[in-house]
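Below is one structure; the comments refer to it alone.
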Protein chains: 2
Amino acid sequence: MAQKNKLQFIILGLLDQQPLTGYDLTKAFDHEIGEFWQAQHSQIYPQLKRLEEQGYITHEITISGEKLEKKLYHTTPTGQAVLTTWITAGTPELTATKDEFILKLYFVRTNRDPRLPEMLLEQLQLHVDKSEHLQARLATVFPTKKSQAENFGHYLILQHAIGRENYYVTWLKQTLAALPK
Amino acid sequence: MAQKNKLQFIILGLLDQQPLTGYDLTKAFDHEIGEFWQAQHSQIYPQLKRLEEQGYITHEITISGEKLEKKLYHTTPTGQAVLTTWITAGTPELTATKDEFILKLYFVRTNRDPRLPEMLLEQLQLHVDKSEHLQARLATVFPTKKSQAENFGHYLILQHAIGRENYYVTWLKQTLAALPK
DNA sequence: CACACCATGTAAGCGGTTACATGATTCC
DNA sequence: GGAATCATGTAACCGCTTACATGGTGTG
């Protein structure tokens with residue numbers, strides 16, 4: 001195996017919260033959990049088929065409008081058990097990250113390279129933008145303490161993503177400041 | 001293309017610093033730059049072949065001992081130009097990260113779930129260990145200011161990785177502390 | 001009625017991991 | 001002489017992205 005198919009568990013987790021279509025799932029990967037996992041619909045539909053064959057999920061067909069068929073998937077008891085097992089099992093392997101930009105810096109070799117300031121400033125802009133965007137989302141989606149507690153998981157994810165971006169921003173500023181003039 | 005083959009540039013960058021064998025490159029991905037990019041030898045050897053066919057690198061054969069042939073690769077002027085182009089071009093796409101653990105938290109749904117403390121504590125241990133391990137390496141590899149300036153890229157990478165782990169640790173502690181008793 | 005969006009699928013191809021395979025060297 | 005390490009390669013397979021393909025719905 002190339003990487004142990006974690007997508008199946010994530011789909012299972014999403015469907016366990018509420019019945020969803022493949023299209024809904026695709027959107028969830030774009031918005032809600034997109035900061036920590038990505039998947040396209042071309043990966044999702046075949047996976048749904050496999051999960052159903054294994055008996056972890058089932059679907060009901062609903063009709064939208066005249067004749068548009070939507071497949072609403074939800075977990076079965078078996079699927080819920082599999083999900084619980086995945087969550088409860090430890091997560092001992094820290095995800096290996098790949099960061100193209102950091103490697104470019106690595107190859108620059110000297111802190112006097114004239115390209116450094118603009119390279120760092122570009123990343124700074126990108127990460128500041130992302131952080132601000134995420135913070136705006138946090139403010140609109142979770143305006144109250146109550147809303148934070150009610151969607152605990154989503155709140156955690158967003159807040160972690162913001163912190164991660166803020167660390168990157170801090171590091172970039174610090175690196176910029178340490179550059180010789 | 002599935003992801004635009006960045007490996008070729010990284011190999012180019014490593015070979016531009018000093019001539020290396022495929023075996024040396026493999027080790028570099030384990031140690032030096034392993035925090036920000038990973039690759040196995042089964043991926044490296046074919047890539048070296050392709051880079052040579054394109055005229056970006058060449059190799060000389062050296063004999064170790066009686067008859068063990070080592071292929072020492074180094075960049076050509078063409079390869080150096082390609083490398084410079086890659087570094088100088090912008091890096092506008094922020095790398096999308098995948099974090100299995102954060103998603104498990106997301107699916108937990110309520111901050112009263114009894115599994116939360118042990119889940120968070122396991123990750124805390126893992127990230128503390130990693131941070132300490134990286135800090136020990138920083139201290140041994142870069143004991144002096146001079147050594148930091150001389151290996152600017154390597155120093156940056158290590159230091160960034162440590163900061164990243166420290167953020168994760170801080171976040172985990174904070175999340176643990178916010179849990180209801 | 002056109003356009004954005006909803007909705008579901010398949011196919012091709014690259015990136016990356018795991019496993020298979022072989023042999024030399026060095027050090028205890 | 002045995003074990004760890006050096007050294008180079010290939011094969012199978014999965015994960016994932018990009019692209020191909022089709023059709024319905026709702027809204028201005």
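All figures in this text were calculated on a predicted structure; none of them were measured in a lab. Labels below follow one simple rule: chain letters A, B, ... track the order of the sequence lines, proteins then strands, and each chain is numbered from 1. Hydrogens, waters and symmetry mates play no part in the numbers below; they use all other heavy atoms, side chains included.
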Most 5' of A/E66 and A/R50 on DNA chain D, judged by nearest nucleotide
A/R50
Say whether, by atom type as modelled, one donor and one acceptor occur between the side chain of B/T140 and the main chain of B/R137 under 3.5 angstrom.
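Side chain of B/T140 to backbone of B/R137: a pair is present.
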[N] [atom2] sits how many Å from [X] [atom1], rounded?
{"X": "B/K4", "N": "C/dC14", "atom1": "NZ", "atom2": "C1'", "value": "12 Å"}
{"X": "B/K27", "N": "D/dA4", "atom1": "NZ", "atom2": "P", "value": "18 Å"}
{"X": "B/Q38", "N": "C/dT18", "atom1": "CD", "atom2": "P", "value": "11 Å"}
{"X": "A/L7", "N": "D/dC16", "atom1": "CG", "atom2": "C1'", "value": "10 Å"}
{"X": "B/I44", "N": "D/dA7", "atom1": "CD1", "atom2": "C1'", "value": "13 Å"}
{"X": "A/H41", "N": "D/dC20", "atom1": "NE2", "atom2": "P", "value": "13 Å"}
{"X": "A/E60", "N": "C/dT8", "atom1": "CD", "atom2": "P", "value": "14 Å"}
{"X": "A/I61", "N": "C/dA7", "atom1": "CD1", "atom2": "P", "value": "14 Å"}

Just how large is the angle between the end axes of the helix from C/dC1-D/dG28 to C/dC28-D/dG1, five pairs per end, to 10 degrees?
30°
Would B/T110 and B/D113 count as having a side-chain donor-acceptor pair, cut-off 3.5 Å?
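B/D113 and B/T110 do not have a side-chain donor-acceptor pair below 3.5 Å.
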List for me each residue that meets side chain to side chain contact (heavy atoms under 4.5 Å, CB included) alongside A/P180, sequence neighbours excluded, and say none if there are none.
A/N111, A/R112
A/H154 side, atom NE2; A/E32 side, atom CD - distance, nearest 0.5 Å:
4.0 Å
Starting at OG1 of A/T84, measure out to CG of A/L12 and round the result to the nearest 0.5 Å.
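With rounding to 0.5 Å, OG1 (A/T84) is 9.0 Å from CG (A/L12).
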Closest nucleotide among [options] to the [X] side chain:
{"X": "A/T21", "options": "C/dA7, C/dT25, D/dG15", "answer": "C/dA7"}
{"X": "A/Q43", "options": "C/dT8, D/dT10, D/dC16", "answer": "D/dC16"}
{"X": "B/K98", "options": "D/dC16, C/dT25, D/dA7", "answer": "D/dC16"}
{"X": "B/L68", "options": "D/dG9, C/dG23, C/dT8", "answer": "C/dG23"}
{"X": "B/K70", "options": "D/dA7, D/dG9, C/dG15", "answer": "D/dA7"}
{"X": "B/W37", "options": "D/dC16, C/dG16, D/dT8", "answer": "C/dG16"}

Ignoring backbone atoms, establish whether [X] has a side-chain N or O less than 4.0 Å from OP1 or OP2 of [N].
{"X": "A/K67", "N": "D/dT25", "answer": "no"}
{"X": "A/Y23", "N": "C/dT8", "answer": "no"}
{"X": "A/K49", "N": "C/dT10", "answer": "yes"}
{"X": "B/Q40", "N": "C/dG16", "answer": "no"}

Can you confirm if the aromatic rings of B/H160 and A/Y167 lie within a centre distance of less than 6.0 Å?
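That pair passes the under 6.0 Å test.
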Given the rule in the side chain to side chain donor-acceptor pair (under 3.5 Å) test, do B/W86 and A/E100 qualify, once you have shown the distances and angles that lead to the verdict?
CA-CA 10 Å; B/W86 172 66; A/E100 187 183 5; 2.8 Å; yes
Step-by-step side chain to side chain donor-acceptor pair (under 3.5 Å) determination, B/N166 to B/S131:
CA-CA 7 Å; B/N166 287 346; B/S131 173; 2.6 Å; yes
Pair of N/O donor and acceptor under 3.5 Å linking D/dT18 base with A/S42 side chain:
yes
